[in-house]
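Chain naming here is simple, since letters A, B, ... match the order of the sequence lines and numbering starts at 1 in each. From a predicted model like this one, the values you see are computed outputs, not experimental measurements.
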Amino acid sequence: QDEHLIFESDGWGKTGVDLPEPKADGSDLGDLVRRDPIGLPGLSEPEAMRHYVRLSQKNHAIDLAIYPLGSCTMKHNPRLNEKMARLPGFSDIHPLQPQSTVQGALELMDQLAHWLKTLTGMPAVALSPKAGAHGELCGLMAIRAAHRAAGHGLRSDKPRNKVLVPTSAHGTNPATAAFVGYQVVEIAQTEDGRVDIKDLEAKLGDDVAAIMVTNPNTCGLFERDILEISRLTHEAGAYFYCDGANFNAIVGRVRPGDLGVDAMHINLHKTFSTPHGGGGPGAGPVVLSEALAPFAPAPWVVSGEDGFRLEEFAEGEAAQAFGRLCAFHGQMGMYVRALSYMMSHGSDGLRQVAEDAVLNANYIKARLSDLMSAAFPEGPCMHEALFDDEWLKGTDVTTLDFAKAMIDEGFHPMTMYFPLVVHGAMLIEPTETESKQELDRFIEAMRALAQAAKAGDVERFKGAPFHAPLRRLDETRAARQPVLRWTAPEGSNIAAE
Amino acid sequence: QDEHLIFESDGWGKTGVDLPEPKADGSDLGDLVRRDPIGLPGLSEPEAMRHYVRLSQKNHAIDLAIYPLGSCTMKHNPRLNEKMARLPGFSDIHPLQPQSTVQGALELMDQLAHWLKTLTGMPAVALSPKAGAHGELCGLMAIRAAHRAAGHGLRSDKPRNKVLVPTSAHGTNPATAAFVGYQVVEIAQTEDGRVDIKDLEAKLGDDVAAIMVTNPNTCGLFERDILEISRLTHEAGAYFYCDGANFNAIVGRVRPGDLGVDAMHINLHKTFSTPHGGGGPGAGPVVLSEALAPFAPAPWVVSGEDGFRLEEFAEGEAAQAFGRLCAFHGQMGMYVRALSYMMSHGSDGLRQVAEDAVLNANYIKARLSDLMSAAFPEGPCMHEALFDDEWLKGTDVTTLDFAKAMIDEGFHPMTMYFPLVVHGAMLIEPTETESKQELDRFIEAMRALAQAAKAGDVERFKGAPFHAPLRRLDETRAARQPVLRWTAPEGSNIAAE
Amino acid sequence: MRYLPLTPDDRSAMLAAIGAKSIDDLFVDVPEAARREGFVDLPRVAGELQVERALGAMAGRNVAAGSVPFFCGAGAYKHHVPATVDHVIQRSEFLTSYTPYQPEIAQGTLQYLYEFQTQVANLTGMPVANASLYDGSTAMAEGVLMATRVTRRNKAVISGGVHPHYVAATETVVHAVGVETQVLPAAVDAEADVIAQIGPDTACVVVQTPNVFGTATDVTKIAEAAHAAGALLIVVVTEAVSMGLLKSPGEMGADIVAAEGQSIGNALNFGGPYVGLFACREKLIRQMPGRLTGETVDADGERGFVLTLSTREQHIRRDKATSNICTNSGLCTLAFTIHMSLLGETGLRRLALLNHEAAVKTRDALAAIPGVEVLTPRFFNEFAVRLPKPASEVVERLAEKRILAGVPYGRLAPAAGMDDVLLVAATEITTDADIATLKSALAEVL
Amino acid sequence: MRYLPLTPDDRSAMLAAIGAKSIDDLFVDVPEAARREGFVDLPRVAGELQVERALGAMAGRNVAAGSVPFFCGAGAYKHHVPATVDHVIQRSEFLTSYTPYQPEIAQGTLQYLYEFQTQVANLTGMPVANASLYDGSTAMAEGVLMATRVTRRNKAVISGGVHPHYVAATETVVHAVGVETQVLPAAVDAEADVIAQIGPDTACVVVQTPNVFGTATDVTKIAEAAHAAGALLIVVVTEAVSMGLLKSPGEMGADIVAAEGQSIGNALNFGGPYVGLFACREKLIRQMPGRLTGETVDADGERGFVLTLSTREQHIRRDKATSNICTNSGLCTLAFTIHMSLLGETGLRRLALLNHEAAVKTRDALAAIPGVEVLTPRFFNEFAVRLPKPASEVVERLAEKRILAGVPYGRLAPAAGMDDVLLVAATEITTDADIATLKSALAEVL
């Protein structure tokens, strides 16, 4: 059922907010006043409610069924966390209130930092990055600052201007490295889906600033040689940046600090369950090693005798840092949710999180491997199971087709065509918050689909989805002739721009 | 998509609530302790969330589309009211706390009473009835008490033991009258859908305790002779109980007190928008005339110099009342919502509520009367438009079929087969919170359906709904072989009763 | 006005379509004498901010249970409700839906009601339960009426341990239809006196366990005596959590259970809305009051749920209905069902033990205060103490210190001559610090 | 643990299906030296009640804006958000959905993003807007980078009226890629100095209106000068409501608008999450950073929406992307869209006037205090005053009286030598009583 746009409603001139009649008319502002129509329809409250509730029902959500997006980690979002984030003492405080009036907020940031540092075994953390990619930026800039301080800046005589990144990495890794001025060099991957140590060794040298390794990696595998990787990196005078997107697979069982990591961002939504919210907001605190700690950006919280203090400008050694990443102190709303989640689980619950996430993924892998081709059949996977499209050969069904057919079964598709190192990749991450009952339901549906694909029922896949709010969308058309906003139809008398 | 029952989940032995380990084992209670399994599955939080969110999507709701149930008044439920009702100062106070610690709550009850009395033009109100039917009970018992005090009790020499009720009344009216010991006598209806004054006059006498009249009545019409009706009633020594279900049609324009009403319940959900919540909880305060005020049940709020006081036991003249209606002070949660709604509208907004409700209903009536047969075509209706099934004659489509076909168009059916005085009644109440745009959408759909019915497209109706979570349900089977609870299948090893 | 979608232009266009000149034309049937011009004498439209401020100020003048040491019970209990519960009941599809008269588009409501009925039946140990009544007190009234219909007898024997407000609410209703009540004297162990009062004219015996003084009783013998006399046993429960630890009414021989379900999933709300649980023996189904959900199939043979046995109800039977009740406590029922689904048996038993543990600790603390006499020997999460001063005075003094110490029995029954009795409840929210605070403050004011 | 559905039995059965003996078998790839036995040194699992108490205690140690007279602004504003907004954004289907990569089952998100883009474009007076960035400050940084890509020049001239934190956040990023910045001295009317600095190497000029001192400026002339020099004009707005009253950046000739959208629909949240608005001229689309939603059709020809132009983005272009950004401020965007839909043009203009009115009243009140000098001549809802004492001291003294009097400029820029300047903001929540309280308390502490 088509839901019109708000601009197609009859809300021109209406409002759904009752405000007192202003006495000011803005005449004191003279020419500065906006005279033309703005082009914003208003809806009465019942209309607005209905519009957005109707729209909402066109979405899939983790609260409706498994959302097995590999690498994205769609897990249950506890409502306790939402409730806590809405306590007026957290949601209704201003970032620039006197610090004496926000001692509880600073305490919360301090507590969050304590949990993150303890879980990762790292001595410092920069809280302010606003998302994972922002955290990568923060980490690489700290690395850059450290090299500069040591005389190996990009414009020095002996510049360290390369960053090594495995082929299987998230796109944000090379994007970030390039963004801060590094040349990106790819590291090869072994047949069993790990970093090729030989290739790494060959490429490490005094021009390398850092390696960026995701661990567990995007194939869902733990880098077995991780200690060797970090030793070699450090021996070469480079830093080890770890993409922490998959920290949820090892939290409570492995501390990145024990692996020799120098910097790692933590996507709070992935490991600590802040809601994805249709694409954000995220939060990406970065834990730092002793070596990088002095290069953290402002602000940070220090605890003293007379309470907590927020340092908003770097002084002393810290002034070597690169400044600040955003206007205020980062994603406070997400800090509250993440701490609420961590306190709820405790150290025992968090370890169980990793174990159940890994168990669930291996269960799916085990139950589907007879019909579908696991990309790395040997040994266990971590929190996600990776298949390739080898098993679809000769069926005329592609990974995309298969994914769209999953929609008709009531499931969100898995991640597809990522990581790039695997042909027609299908990356399935169930997370720890799926029950065995739901996994079995999912597995049965996947098996039935796989059998249908092999049995030649091509139309079921090519035409899919059939039972969704819309059929398959024409993405090419959208990109070729971009229509990025509503405009009034010609001849309409709408008082819009 | 079938959603299993919680009892069919794998939740036997699980829990979704983390509680500390109790030190008590109940051994001090000896034999009193329950030993056998209770039979309550537990779900982890993600499973519970998903189960109930999935279930919710099988419901129609006012937030999704018009819900045109005549006489039920499904209007927008502002979320401000939900927010206000959840302020800890209202939701987290105990009914038996010292009164000094609930002065704000008593003030709220006092304020609510003030608004209700002012809007109805009545001098007193009993807040505690827990729903409309409970309010009817309250009102009739006050009437009974008043007659008893005047020597006309049911067991007196000159008993007033009859209650006159029009045929078109809600079922609760005769049910309540019978419940408190009255004999129910029906009053005839005129051809234009009103109380037959002649018949009323004939039946009024010194054995009549009260009349119960709904105004506007259940045909959606205002009782034109209402002043005459109340005059005759009072002359006969009887009381005028008004069913206030349709007060929403006249609020701000007509005060029941000015019509000679002695008692009227107000369904807070109908006129003042407390949410229906799938069938409750309701709230049915009863406004009372001077004559009946002394017979109100406990408790009530009085305001004095040192604040507000809740009188929990009747003293003095008030001791003539009949006692209390429920354990505590009524539906506080609903009081907050209703007052929030009334304050939001104000006296001007509430008058507009009545006007828009009536305008919307007449608009529907006007736009459909060429295709469908209005039960009372002459003159305006009030807040609801009543059609009969005359226009379906010869089509083989019944009112029920037509209603079920509306489901396939995305609408909830109107009220059908009520009031009983109209054959195949279809009672449509849009309420004031529908926009013209939504009304037009509804009207177009109704017109298309009506044309289809007349065109002989019978299967579209007989088989309907086709596009709902379920097809038409077998209600006869449910009543003949009642299955009112889940029981473990034979041979299952579930530790339930 | 933000809730009213019509614009002045809409109104004009619609009046034109109707053929009316003005809105007044649509109100012509109102007698002129009763037409009101202008606005009634109340404030005008107010924005959200203004309403929030006004109501927020009122809310701010109350002492919230969660903000102080809190020991009130007597039929309403402060428990912790998981955030999931309140989230789900606010979903549009539950909050803003109507009574599920159109089952094809109301399976959400119908299925949770079916789950609720099963949970209540199992919790009370009874074969069937309805989809809820207004609250525990009106459920008791309906129970007595139902017993008179079933037995065709006219008298209810009511234990002195039943909550006085429940008795009052019941008498209001049953006296109206001419049912006689015999209420026995209030006493901590009032149930001991009941059996002697059962006679051949007794329709039902009503007992409460734990009773209003907290006393938990095995009522099996009372059930046997009632049955022997051809009467029904109605068991009232005002604290639903107690059934997680104590023998169920069904196990002890109850024919009808009338209980308050507020403790599961619902806030204190100053007394309402609450949720009345009502369960009975299978053979009594067709005499039950209130809404019932039953299983059936749709035209394709799929399982589904519908409201059923509605021939008992007022909208069909009118003056012959089993009750005039027309609503249930829908949303409170949903809150109950979700909270209970989260708890499960494991959680409920644990919750019950924690309640008992907190009450025992509180009892031990108060028993150590000179002048305080603990009256209730065996209890779940509430007990009565005798104080050397009027309980209401003591409670007021402690309220000044921001301690809500309990409910004076005299507030419930001023005429009972038990003004020195205080009812003290504890739950899983009660901390050791709360108990210590109560103890020292009470010792101070005595 | 309440969030973990697996039971011990499930785990055993699943391990068996996998062919593993224990969970440790699944972690064999972790080098032994890095395996941790036992639990890290942190508290164990905690129930909801415990977590609520711990976090509630922290929240209770902060002074909430809504509970006191409140005049802080400087890039974050306290406005009233309708209850509907927070209700809808908590719906499962919005809250717990992912980036809409599968458009067939994400039209809810995609359509509101399309509505959002249109609202932002119209509000800023620009042809197109993206689906949001992290916040206003990072939007400014992205704007500068984009300008350097478009102009192939390497220098940004930044007005001294731009929020110092925005400048700092921008410099962090743009310096990393070697872009030069020229930041002009801070001044209440700093925009006057900008034109003189534009040169042939200028990629962009960045101005803020209203600027950090509250000054509202018509930047048309600056736009003309920039364009004449082949540079782009970037207009920063930190208070989105101002665009309801003031000329839009687009009308004044902006090429790129970077704004903070927190004021519409979003709470203060101690600084985040907020929502960065980003709009530009049509020809610059393919150089835009961040997510974009576009219209298209499905296989049946029905209108639908998809994420588009993703060849600009990191997951496709990797090290050639226009930005490394990977998320947007999804849910904050939704809050913005709903609040703006409720306001509509009528409501927004009124809201803006009420803000202006409150600020003028506050200005008038403070101007009457001896020793207080009002610095900002033309402003929207915020202005600067010079005090006879250091502003941070004054603010602390007033905080002790539970008045949050504003933001000392020196807190944003300690080195600027303007420690006696206080930024004072007022909005629709400011009451006459608040203003009177501030006035008398300020007079007292000076």
Side-chain angles (χ1 to χ4, degrees), chain A residues 15-17 22 24 39-40 42 52 55-56 58-63 87-89 91-92 94-96 98 101 104 130-131 133 171 174-176 178 180 184 222 258 277-282 323-324 327-329 331-333 346-347 349 363 366 380 435-436 468 470-471 473 478 483 485-486, chain D residues 1 5 10 14 18 26 29 39 42 44-45 58-59 61-64 72 92-93 96-97 99 103-105 107-109 118 122 134 137 165 168 172 176 267 269-273 294-296 298-299 304 308 314-315 318-319 321 324 326-327 329-331 342 344-347 353 357 399 407:
Chain A
T15 181
V17 179
L40 296 168
Y52 291 104
L55 281 187
S56 78
K58 295 170 186 272
N59 274 2
H60 186 81
I62 189 71
D63 281 356
L87 292 172
S91 65
D92 194 27
H94 190 282
L96 300 170
T101 66
K130 284 184 166 272
T176 306
V180 299
V184 175
F222 197 93
D258 296 337
R324 64 161 57 232
F328 303 115
H329 335 312
Q331 309 287 65
M332 179 68 176
S347 56
Y363 182 65
S435 69
K436 180 167 180 295
L470 285 181
R471 302 284 309 280
L473 285 130
V483 180
R485 52 165 296 170
W486 180 86
Chain D
M1 210 289 139
D10 290 335
M14 291 163 74
I18 295 164
L26 304 180
D29 290 334
F39 303 128
L42 288 166
R44 301 293 167 86
V45 59
M58 289 185 212
R61 283 194 281 280
N62 306 319
V63 177
C72 300
S92 293
E93 296 87 338
T96 76
S97 64
T99 306
E104 298 87 354
I105 45 176
Q107 285 298 304
T109 299
T118 308
N122 289 353
Y134 304 136
S137 68
H165 281 358
T172 289
N269 281 327
F270 201 46
E295 188 184 317
T296 188
D298 80 351
T308 192
Q314 50 73 27
H315 63 284
R318 302 179 73 88
D319 54 338
N324 78 332
C326 176
T327 51
S329 287
L331 215 58
L342 285 167
E345 191 145 340
T346 312
L353 282 170
E357 179 179 323
V407 177

Leading residue by heavy atom contact count with chain D [cutoff under 4.5 Å; candidates [options]]:
options	value
A:Ala366, A:Ser347, A:Ala61	A:Ser347
A:Ala327, A:Gly333, A:Gly282	A:Ala327
A:Val180, A:Val17, A:Val483	A:Val483
A:Gln331, A:His60, A:Lys130, A:Arg324	A:Arg324

Checklist entry - With sequence neighbours left out, what residues match A:His329 under ring pair (Phe, Tyr, Trp, His ring centres under 6.0 Å)? => result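 With sequence neighbours excluded, A:His329 shows a ring pair (Phe, Tyr, Trp, His ring centres under 6.0 Å) to D:Phe270, given in chain and number order.
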Check [X] against [Y] and note the closest heavy-atom contact, atom names and distance.
X	Y	result
D:Asp29	A:Phe222	O-CD2, 3.5 Å
A:Thr101	D:Ala399	CG2-CB, 3.8 Å
D:Pro103	A:Leu473	CB-CD1, 3.3 Å

Quick one: [atom1] on [X] to [atom2] on [Y], what's the gap to the nearest 0.5 Å?
X	Y	atom1	atom2	answer
A:Leu470	D:Ile105	CG	CD1	11.5 Å
A:Trp486	D:Asn122	CH2	CG	8.5 Å
A:Asn59	D:Thr109	CG	OG1	3.5 Å
A:His94	D:Asn269	NE2	CG	12.0 Å
D:Ser97	A:Lys58	OG	NZ	14.5 Å

Next on the checklist: Are D:Gln107 and A:Leu55 packed together at the side-chain level, in the sense that at least one heavy-atom pair is separated by less than 4.5 angstrom?
Outcome noted: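 D:Gln107 vs A:Leu55: side chains apart.
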Item to check | Most contacts with chain A, counted as non-hydrogen pairs under 4.5 angstrom, among D:Leu342, D:Leu331, D:Thr99 | outcome: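 That would be D:Leu342.
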Item to check | When D:Glu104, D:Met1, D:Glu357 are compared by non-hydrogen pairs under 4.5 Å with chain A, the top option | outcome: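 Highest number of pairs under 4.5 Å: D:Glu104.
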Checklist entry - Counting only N and O atoms by type, is there a donor-acceptor contact under 3.5 Å from the side chain of D:Thr96 to the main-chain atoms of A:Ile62? => result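 Yes; at least one donor-acceptor contact below 3.5 Å.
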Checklist entry - chain A heavy atoms under 4.5 Å from D:Met14: which part of the residue, side chain, backbone, both or neither? => result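 Contact with chain A involves both backbone and side-chain atoms of D:Met14.
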Next on the checklist: Set out, in order, the CA-CA distance, both residues' side-chain angles and the distance that settles side-chain contact (heavy atoms from CB on, under 4.5 Å) for D:Glu93 and A:Asp63, then state yes or no.
Outcome noted: CA-CA 7 Å; D:Glu93 296 87 338; A:Asp63 281 356; over 6 Å; no
Next on the checklist: Going by side-chain contact (heavy atoms from CB on, under 4.5 Å), name the residues that satisfy it together with D:Arg61, two or more places apart in sequence or in a different chain.
Outcome noted: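 D:Arg61: side-chain contact (heavy atoms from CB on, under 4.5 Å) contacts with A:Glu107, D:Ala57, D:Met58.
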Item to check | Contact class of A:Leu87 relative to chain D, heavy atoms under 4.5 angstrom | outcome: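 The answer is the side chain of A:Leu87.
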